Amino acid sequence: MSGYNPEEIELKWQQTWDERDIFHSEVDENRPKFYCLEMFPYPSGHMHMGHVRNYSIGDSMARYRRLTGYNVLYPMGYDSFGMPAENAAKKIGGHPHDVTWSNIESIRGDLIRMGFSYDWRRELATSDSTYYHWNQWIFLKFYEMGLVERRTAPTNWCDSCDTVLANEQVKNNRCWRCNEEVRQKHFPSWWLKMTEYADELLDQLEHIEFPENVKVMQKNWIGRSHGAEINFSIVGEDSEISVFTTRPDTIFGVTFLTLAPEHQLCEGLVNGTEFESSFKELADECSKVSEFDRINMIRDKKGVFLGRYALNPLTGKEVPIYAGNFVVASYGTGAVMAVPGHDQRDHDFAKKYNLPIKQVLSEEEGKDPKVTGRAFEGLGWMINSEKSEFDGLYGDDAKSAVIDALEQIKMGQGTVQYRLKDWLLSRQRFWGTPIPIIHCEECGQVPVPENDLPVKLPLDVIFKEGQSGNPLDSHEEFVNTICPKCGGWARRETDTMDTFYDSSWYFLRFTDALNDSAPFNKLEADYWMSGGVDLYIGGIEHAIMHLLYARFFTKALRDAGLNDVSEPFSRLVCQGMVNSPTPYCIDCNVEYHVDLEGKKCPVCDVILNSRSAKMSKSLGNTVSPEIMIKKYGADTVRLFILFSANPEAGMEWSDSALEANHRQMHQIFNCLELIDSISNDDGPMDNWLSAKRRFNFSKWQNAMNDVRIREGVMISHFDMLSDLQWAIRRGGIGRKALLEHMKNWGEMLYPATPHIAEEWNLRLGEDILLAESTINDAVDNDDDIATLAAESTLRNLIDNARNVKGLAQRHSEDPVTKLVIQTSPEWKIELMLKAIELHSQDFDFMREGQAFIQSHSLFQDDSIRGEVMQYWRMLTIGSKKSRGRVFTLSEGERILVTSGFDEAEYILGAAEFISESIDIQGVDVYAAGNGEDVAGKARFAVPLQPGLAFH
RNA sequence: GCAGAGGUACCCGAGUGGUCAAAGGGGGCGGGCUCAAGUCCCGCUGCAGAAUGCUUCGCAGGUUCGAAUCCUGUCCUCUGCACCA
């Protein structure tokens, strides 16, 4: 038999699977479906370790589900629109289309080499017009539904990417992709009205299986806050100032109003007054700072009095109106009712400008508020209300009482405010889906007729280094067109769509990827998507952007009548990062490129330490999957990835661990040689091995069902091997038991390391592929528990004996050669049985145990009375640190004791093995009392824990 | 500042009231097989010790007969949100 040659068997089985179309899946109402999906890659060249991890998890689950009888949809595609390809094209003077396709070729090759079991017929690339055709079709659908809007508004502009960004794509005022600072720009742009789905997006979060942190992030992002809009009329004017607040319960504490300097009323209020110049100064200053900095950076709160007063609608009292630099125009109404007693910002402001501070909430019911010099921002009991009916109300009751009162006099109403904004869709770049709209001077915006779709990107565009702007703008053939309505000359829209649009529905397209007359067929989509994608695996970096857009899309498409599902993903698993050792300076808290490994910190000259950091090109701590596969084979890489950590946890790359896993693969493979060398006769360990196999199999299934892949792999790739080795060493097994073990084992090896498993299966003489097999759920035999318990008792005995032997040797002048094992005397077994019986009846040993034992017949025997008492305590009460033995018996141990297990005989049967294991010449076994009490160890002998003596 | 996830032996990592000195892996150490290398096998890896005792799961308290596990406080790490009214 030849040794383990991963490359040979991996390529062979990949070819076999492919030739037989095994992973093609079709709708089948008679089988439960399982839709397993991974976030598809942006094709930037070759596959990296993050991909390998993501897809190894997915593939093992897809294979596992097929094996357990599910109809599995497991597709793959490429998120292939986007700027990197466009930038690369500029660099080399090519076209992004060519750059993209050559990248797709290489990543596809890598995926195939890993043996991922995709239904390749469904492969798609979003930059292909057969895909973006339907982007455009859906856009027009949304347009019809009124979900699309073109409007001019402030947008986030990234200079380096030469385009606008959606709100979700700005992190800390920087572009999510290139980290360049963004600035505000006014632009006519296309928006998708995601806010119409804000409530549903938020409320449905409760019902889907997303990791808690993702839910929290989405919740924060949507940011629904309940509050009130309250109108303050301006003294001497007809107009009102409307403020938004989440704390209407503090209305009686309002001592001034603050407007954002951009607020439209400001100018009118100060115009031609003495306050005009100071206001202008503040407004100028604010206009120079971005909103982000306004919110984040300003520690110094500044304001100017606008010279006018407003009336508190509930008290009728006059409060001064200020403009303040810390109020932003884009949130709420751009105006704030200032309550310095209960808002720290207002408190600071009031102190600076000597404005009154009034406390209207008390921390404790019925008491006066504390004076602390700070604002009390928590919920409290209303006090000092100028209308006494409010005093004493708390929290939500207080808020709604105020809102009710305001609504009655029509000076305000309860409102809901969201942080979520509409989705800014248009991008001023080439490599994306053209927005299918035509601008006609006569007819305005005209949608491209459905029959004229797709609006294709021209291929005859030349990209050059240093070029800026969108080349579509100057592509005459593309731009110039005829208005579909009036037939006159018109211009095409040249903005393209945000690429997140593409990935917002690709999971639906996968259900019917070859459809050329619609985005997808409703029946197919509803079948595969019912209950959502069953397992969606990807990185946490998309927690807000992609996952929120996709959820919005699914709901909008549902309302367009395209599908019945509302939530795209039922269970989301965010795989952890792949880290690797990186030079690190503790003092400077900086990670350095691996070139500096073992060298000194360039800043502080201290020798660099090492710590683990996310694999990244800039640190140079990446590991190439290609090289690893070449060296060890795909199965080893998969095993390493899956065994290093459970999917959600971060994992550390380790060359030595990878090598160790490779050795493990060899060991597993070498077990095949046993088939030829093991005897046909039954072996003494046959029963135990079968019992252990069933036990493992059931644990493995539980782990895999719950995507605890690491635990599953530990059983399938480690425990199964060491159990087999134990059985052989311990006494041997027969061929029949071996083959049973191996067959089941092959099934368990399959999801994580499918190639070796198929080879295994073949060499076992099975004529059906594992890829085409299904397995039954694990079933335990009734006496398995006892079989396993007896053996583990023996294992404990040996471990114990080995330990004690060392100690004994130190106490002995001559080498110890003999082990005497005294098993429990009959009376201790009798007492344990009694204790077990009483325990099952909820007997109270603490209270009644003493009396019980004292009236027991054994207690009347003077010679053992002390020992009986002591043993009974140990059995039923235990020591300070451990509970009574009767409480800690495992199920198996309990069965052994109650079924009259003959311990001495069992140990005697293993005497030779014990001698060999601990390197001793002879073993005597007898029940305490039936022979010499060597070294007085009889008194330690209790059921399942015999006394051991060496001499 | 707020929110979420964490802190377990040399390292990674399981463990969520007693069967826990704490699975499994890596690394290290010892032994076996072998001419050798290892795609091999076995054992040890908190301290002391004839089976027990002691110390130990970030730190300090508390609840309990009993705490890695529950509670309170505290420190640190990571992630997200951030003067959001």
Side-chain angles (χ1 to χ4, degrees), chain A residues 3-4 171-172 211-221 223 225 227 243-247 250 258 292 294-299 301 324 326-328 330-339 343-346 348-349 417 419 540 543-544 579 612 643-646 648-652 654 656-670 708 710-711 713-715 718-719 722 725 728-729 799-812 846 877-885 887-891 893 916-919 935-937 940 945 947-950:
Chain A
Y4 177 47
K171 307 263 161 195
N172 285 332
E212 208 47 44
N213 56 337
V214 174
K215 285 193 191 184
V216 169
M217 282 160 78
Q218 293 215 351
K219 215 173 147 183
N220 287 343
W221 188 261
S225 55
V243 304
F244 174 72
T245 178
T246 57
R247 296 299 300 275
T250 62
T258 321
F292 177 84
R294 286 266 298 286
I295 295 171
N296 286 287
M297 305 306 172
I298 291 180
R299 296 280 171 258
K301 292 174 190 62
F326 60 99
V327 180
V328 295
S330 67
Y331 189 83
T333 58
V336 179
M337 62 177 216
V339 185
D343 183 291
Q344 191 57 40
R345 290 162 300 172
D346 296 341
D348 296 344
F349 192 88
Q417 185 79 26
R419 215 171 74 95
I540 185 75
I544 293 176
N579 300 314
S612 108
F643 182 60
S644 293
N646 260 325
E648 287 93 343
M651 61 166 279
E652 174 99 358
S654 152
S656 61
L658 180 72
E659 273 166 44
N661 286 138
H662 189 56
R663 285 201 298 273
Q664 190 78 15
M665 292 299 291
H666 274 280
Q667 280 185 52
I668 291 171
F669 193 82
N670 289 346
R708 298 193 311 268
R710 195 187 108 87
E711 288 168 44
V713 164
M714 191 156 104
I715 296 164
F718 291 82
D719 292 351
S722 55
Q725 283 169 343
I728 292 170
R729 196 152 41 89
D799 285 349
N800 219 340
R802 196 170 359 239
N803 182 1
V804 172
K805 185 190 165 199
L807 299 174
Q809 186 64 70
R810 267 181 263 165
H811 286 254
S812 162
M846 283 287 194
I877 307 291
S879 65
K880 192 166 162 59
K881 275 189 92 173
S882 61
R883 279 176 110 190
R885 179 80 174 122
F887 296 96
T888 65
L889 283 172
S890 71
E891 192 192 350
E893 288 169 331
E916 279 173 24
S917 302
I918 60 173
D919 192 24
K937 299 301 170 195
F940 294 113
Q945 292 164 318
L948 308 175
F950 286 89

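Reckoned from all heavy atoms, side chains included, excluding hydrogens, waters and symmetry mates. Proteins get letters first, then strands, A, B, ... in listed order; numbering begins at 1 in each. The shown structure was predicted, so the numbers you read here are calculated from the model rather than taken from an experiment.
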> Roughly how far apart are Q725(A) CD and Q667(A) CD, rounded to 0.5 Å?
Replying inline: 6.0 Å
>> Going by salt bridge (charged side-chain N to carboxylate O under 4.0 Å, His left out), name the residues that satisfy it together with R802(A), two or more places apart in sequence or in a different chain.
In response: D799(A)
> Given the C1' atoms of G24(B) and A9(B), what is the spacing between them in whole Å?
Replying inline: 14 Å
> So how far is it from K805(A) NZ to S812(A) OG, rounded to the nearest 0.5 Å?
Replying inline: 11.5 Å
> Which nucleotide, in any strand shown, forms a Watson-Crick or G-U wobble pair with A14(B), with both distances under 3.5 Å?
Replying inline: none
> If we call it a pair only when both distances are under 3.5 Å in a Watson-Crick or G-U wobble match, what pairs with G61(B)?
Replying inline: C71(B)
> How would nucleotides 24-31 of chain B be written as a contact map, 5' to 3', with B for base contact, S for sugar-phosphate-only contact and - for no contact, using protein heavy atoms under 4.0 Å?
Replying inline: BSSS----
>> If I pick the P atom on C71(B) and the same atom on G6(B), what distance separates them, to the nearest angstrom?
In response: 13 Å
> Do any side-chain nitrogens or oxygens of Q725(A) fall under 4.0 Å of OP1 or OP2 in C42(B)?
Replying inline: yes
> Hey, is the side chain of Q417(A) poking within less than 4.0 Å of OP1 or OP2 on A85(B), counting only N and O atoms?
Replying inline: no
> Within the structure shown, what part of the strands sits under 4.0 Å from V216(A) by heavy-atom distance: base, sugar-phosphate, or nothing?
Replying inline: sugar-phosphate
> In Å, rounded to the nearest 0.5 Å, how long is the span from CZ of F950(A) to CD1 of I918(A)?
Replying inline: 4.0 Å
>> Whole angstroms only, please: what is the CG-C1' distance between D919(A) and G32(B)?
In response: 11 Å
> A5(B) and G58(B): how far apart are their C1' atoms, nearest whole angstrom?
Replying inline: 16 Å
>> Using atom C1' in both nucleotides, what's the gap between C12(B) and C57(B) to the nearest angstrom?
In response: 15 Å
>> If the threshold is 4.0 Å, N to carboxylate O, is there a salt bridge linking E648(A) and R708(A)?
In response: no
> Rounded to the Å, how far apart are Q667(A) CD and U39(B) C1'?
Replying inline: 8 Å
>> Nearest to the R419(A) side chain among A85(B), U39(B), C84(B), which nucleotide is it?
In response: C84(B)
> Using atom C1' of each nucleotide, how far apart are U16(B) and A22(B) to the nearest Å?
Replying inline: 13 Å
> Looking across every strand, which nucleic acid part, if any, lies under 4.0 Å from A645(A) by heavy atom: base, sugar-phosphate, or nothing?
Replying inline: nothing
>> At 4.0 Å (heavy atoms only), tell me whether F887(A) reaches a base, stays on the sugar-phosphate, or touches nothing.
In response: nothing
>> Is it the case that the side chain of R419(A) and the backbone of N220(A) share a donor-acceptor pair, with hydrogens and angles ignored and the cut-off at 3.5 Å?
In response: yes
>> With nearest nucleotide decided by heavy atoms, which residue, A935(A) or D348(A), maps closer to the 5′ end of RNA chain B?
In response: A935(A)
> How far does the P atom of C35(B) sit from the matching atom of G43(B), given to the nearest Å?
Replying inline: 24 Å
>> I need the CE-C1' distance between M846(A) and U64(B), as an integer number of Å.
In response: 11 Å
> Quick one: N213(A) CG to G6(B) P, roughly how many Å, whole number?
Replying inline: 10 Å
> Could you give the CD-to-P distance, from Q809(A) to A51(B), as a whole number of Å?
Replying inline: 17 Å
> Taking the nucleotide of RNA chain B with the closest heavy atom to each, which residue, K937(A) or N220(A), is nearer the 5' end?
Replying inline: K937(A)
> What is the nucleic acid contact for G947(A), judged by heavy atoms within less than 4.0 Å: base, sugar-phosphate only, or nothing?
Replying inline: base
>> Check this one for me: any side-chain N or O of R810(A) less than 4.0 Å away from OP1 or OP2 of G49(B)?
In response: yes
> Who is the Watson-Crick or G-U wobble partner of G43(B), with both distances under 3.5 Å?
Replying inline: C29(B)
>> Rounded at 0.5 Å granularity, tell me how far CG in D719(A) sits from CE in M714(A).
In response: 5.5 Å
> Do the rings of Y4(A) and H666(A) sit parallel, tilted or perpendicular, given the 30° and 60° boundaries?
Replying inline: perpendicular
>> Tell me the interatomic distance from Q945(A), atom CD, to A51(B), atom C1', rounded to whole angstroms.
In response: 10 Å
> How many Å lie between CG on L658(A) and P on U39(B), as a whole number?
Replying inline: 13 Å
> Using purine N1 to pyrimidine N3 plus N6-O4 or O6-N4 for Watson-Crick, or N1-O2 and O6-N3 for G-U wobble, both under 3.5 Å, which nucleotide pairs with A9(B)?
Replying inline: none
>> Considering every strand and a 4.0 Å limit on heavy-atom distances, what is the contact class for L948(A): base, sugar-phosphate, or nothing?
In response: base
> Taking atom P of A23(B) as reference, at what distance in whole Å does atom CZ of R708(A) sit?
Replying inline: 19 Å
> Paired with C2(B) by Watson-Crick or G-U wobble geometry, both distances under 3.5 Å: which nucleotide is it?
Replying inline: G80(B)
> Would a distance-only check, ignoring hydrogens and angles, find a side-chain to backbone donor-acceptor pair under 3.5 Å from Q218(A) to A543(A)?
Replying inline: yes
> U63(B) and C11(B): how far apart are their C1' atoms, nearest whole angstrom?
Replying inline: 35 Å
>> If I pick the C1' atom on G46(B) and the same atom on C42(B), what distance separates them, to the nearest angstrom?
In response: 23 Å
>> Donor-acceptor pair, distance only, cut-off 3.5 Å: does the side chain of N646(A) make one with the backbone of A649(A)?
In response: no
